[in-house]
Amino acid sequence: MSESQLWGDVDAYFTDQIAQEDDALEAARRESDAAGLPSISVTAPQGKLLRLLAEIRGARSILEIGTLGGYSTIWLARALPADGRLVTLEYDARHAEVATRNLARAGLDRIVQVRVGPALESLPKLADENPAPFDLVFIDADKANNPHYVEWALRLTSTGSLIVVDNVVRGGAVLDADSDAPDIRGTRAAVELIGRHPRLTASAVQTVGAKGYDGFLLARVRA
């Protein structure tokens with residue numbers, strides 16, 4: 001058995017035991033695949049972890065940057081109370097259409113708002129609305145803009161809020177300080193920004209699984 005096959009089998013085991021998908025989650029994956037969306041959603045154990053983080057935080061409002069087909073959105077939104085709010089930003093209108101259908105099927109369309117367009121255009125508009133601070137921000141969009149997304153996350157959160165940045169290991173490529181790849185440069189810039197920012201305390205976790213070798217960064221906003 002190859003290493004990658006082993007990782008995928010372990011993910012499947014944990015999914016079956018502690019991160020089971022229901023019909024809505026399975027349908028979200030199936031419909032995303034049928035629509036030709038990239039197969040880059042979080043895995044079920046990762047989705048369950050996001051939900052647990054939101055529940056531990058007692059989140060009432062969540063911001064997601066990067067919707068894709070809404071799979072991670074469903075996991076996150078299910079951590080919210082009935083009067084909670086989740087705003088998710090998606091660049092691609094076709095992806096947003098798929099996500100909107102998936103969220104409606106999951107019964108979450110009343111608390112989730114999908115906003116379409118470049119996130120760096122949507123975020124200033126969101127800030128202009130002067131929303132209550134978001135309790136959790138999940139950043140999983142184009143990696144080149146990660147440092148900008150972190151800066152906006154800080155503007156839209158308050159003390160105690162959590163910021164999760166996905167895909168920070170990039171198969172180990174994050175070590176390449178001389179890389180010209182925009183995703184690596186953006187990831188390194190975000191990590192270094194978080195590491196030196198006086199209002200953030202953070203750690204990063206390397207992961208293996210069905211999506212290969214990667215990892216995520218978890219930060220908490222300080223006073």
Side-chain angles (χ1 to χ4, degrees), residues 1-54 62-80 86-119 122 138-146 149 164-171 173 182-183 187 207-216:
M1 180 185 293
S2 69
E3 196 171 56
S4 60
Q5 180 63 53
L6 177 62
W7 296 344
D9 288 349
V10 172
D11 256 357
Y13 170 76
F14 285 132
T15 298
D16 290 341
Q17 297 298 318
I18 57 176
Q20 298 92 345
E21 296 179 310
D22 61 8
D23 291 345
L25 285 164
E26 291 178 352
R29 284 196 296 105
R30 185 172 60 250
E31 294 298 320
S32 296
D33 290 343
L37 272 61
S39 182
I40 55 175
S41 294
V42 300
T43 62
Q46 292 167 345
K48 182 66 176 291
L49 176 61
L50 289 171
R51 177 174 179 169
L52 286 170
L53 288 171
I62 295 172
L63 172 63
E64 180 182 50
I65 304 175
T67 315
L68 197 61
Y71 183 80
S72 57
T73 320
I74 294 172
W75 280 108
L76 285 164
R78 286 178 169 173
L80 293 171
L86 191 154
V87 177
T88 182
L89 311 179
E90 173 53 44
Y91 175 83
D92 191 300
R94 187 170 60 88
H95 295 180
E97 289 176 5
V98 175
T100 299
R101 292 196 299 270
N102 287 335
L103 290 161
R105 184 187 302 108
L108 296 167
D109 47 322
R110 287 178 295 179
I111 64 172
V112 177
Q113 182 182 59
V114 181
R115 301 194 181 192
V116 183
S122 299
F138 179 45
I139 300 173
D140 190 15
D142 58 305
K143 312 310 174 187
N145 282 312
N146 271 350
Y149 297 148
V164 182
V165 186
D166 203 10
N167 307 126
V168 296
V169 175
R170 315 297 293 170
D183 60 336
T187 297
T207 61
V208 296
K211 297 300 174 66
Y213 172 37
D214 213 323
F216 66 92

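Not measured: the values here are computed from a predicted model.
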Problem set entry | Criterion side chain to side chain contact (heavy atoms under 4.5 Å, CB included) on T88 and Q113, from CA distance to verdict | CA-CA 6 Å; T88 182; Q113 182 182 59; over 6 Å; no
Please round to the nearest 0.5 Å and tell me the distance separating atom [atom1] of [X] and atom [atom2] of [Y].
{"X": "N167", "Y": "I40", "atom1": "CG", "atom2": "CD1", "result": "8.0 Å"}
{"X": "L103", "Y": "R110", "atom1": "CG", "atom2": "CZ", "result": "13.0 Å"}
{"X": "L63", "Y": "Y149", "atom1": "CG", "atom2": "OH", "result": "11.0 Å"}
{"X": "E64", "Y": "R115", "atom1": "CD", "atom2": "CZ", "result": "13.5 Å"}
{"X": "T100", "Y": "L108", "atom1": "OG1", "atom2": "CG", "result": "12.0 Å"}
{"X": "S41", "Y": "L25", "atom1": "OG", "atom2": "CG", "result": "10.5 Å"}

What are the two closest non-hydrogen atoms of [X] and [Y], and how far apart are they?
{"X": "I65", "Y": "A119", "value": "CG2-CB, 3.9 Å"}
{"X": "L37", "Y": "L68", "value": "CD2-C, 3.9 Å"}
{"X": "S32", "Y": "V98", "value": "OG-CG1, 4.0 Å"}
{"X": "I62", "Y": "L76", "value": "CD1-O, 3.6 Å"}
{"X": "D9", "Y": "M1", "value": "OD2-CE, 3.3 Å"}
{"X": "A79", "Y": "R51", "value": "CB-O, 3.7 Å"}

Exercise. Does atom OH of Y213 have more than 12 heavy-atom neighbours, drawn from other residues, nucleotides or ligands, at distances under 6.0 Å?
Worked result: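 More than 12 heavy atoms, drawn from other residues, nucleotides or ligands, come within 6.0 Å of this atom.
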Look only at the side chain of [X] and the backbone of [Y], and say whether a donor-acceptor pair between them is shorter than 3.5 Å.
{"X": "K48", "Y": "I18", "result": "yes"}
{"X": "T67", "Y": "L89", "result": "yes"}
{"X": "R94", "Y": "A35", "result": "yes"}
{"X": "D166", "Y": "F216", "result": "no"}
{"X": "D214", "Y": "G171", "result": "no"}

For this session: Only counting residues at least two apart or in another chain, list the ones meeting side-chain hydrogen bond (donor to acceptor under 3.5 Å, both in side chains) with E31.
Result: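 Once residues adjacent in sequence are excluded, E31 has no partner under the side-chain hydrogen bond (donor to acceptor under 3.5 Å, both in side chains) criterion.
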For this session: Apply salt bridge (Lys or Arg N to Asp or Glu O under 4.0 Å) to the pair R78 and D22, showing each step before the final yes or no.
Result: CA-CA 12 Å; R78 286 178 169 173; D22 61 8; 2.8 Å; yes
Problem set entry | Chi angles and distances behind the side chain to side chain contact (heavy atoms under 4.5 Å, CB included) call for V164, I139 | CA-CA 6 Å; V164 182; I139 300 173; over 6 Å; no
Exercise. Are side-chain heavy atoms of H95 and P38 found at a separation under 4.5 Å?
Worked result: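 Sidechains of P38 and H95: in contact.
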Problem set entry | side chain to side chain contact (heavy atoms under 4.5 Å, CB included) between T207 and W7, intermediate numbers included | CA-CA 10 Å; T207 61; W7 296 344; over 6 Å; no
For this session: Please lay out, stage by stage, how L53 and F138 fare under the test side chain to side chain contact (heavy atoms under 4.5 Å, CB included).
Result: CA-CA 11 Å; L53 288 171; F138 179 45; over 6 Å; no
For this session: For D140, check salt bridge (charged side-chain N to carboxylate O under 4.0 Å, His left out) against everything at least two apart and list the hits.
Result: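 D140 satisfies salt bridge (charged side-chain N to carboxylate O under 4.0 Å, His left out) with K143 only.
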Exercise. Could you walk me through whether T15 and Q20 pass the side chain to side chain donor-acceptor pair (under 3.5 Å) check?
Worked result: CA-CA 5 Å; T15 298; Q20 298 92 345; over 6 Å; no
Problem set entry | Between Q46 and Y71: side-chain donor-acceptor atoms closer than 3.5 Å |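 No donor-acceptor contact under 3.5 Å links the two side chains.
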Exercise. Of V87, L80, I74, L86, which is the lone residue that meets side-chain contact (heavy atoms from CB on, under 4.5 Å) with V112?
Worked result: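 With V112 as partner, side-chain contact (heavy atoms from CB on, under 4.5 Å) holds for just one option, L86.
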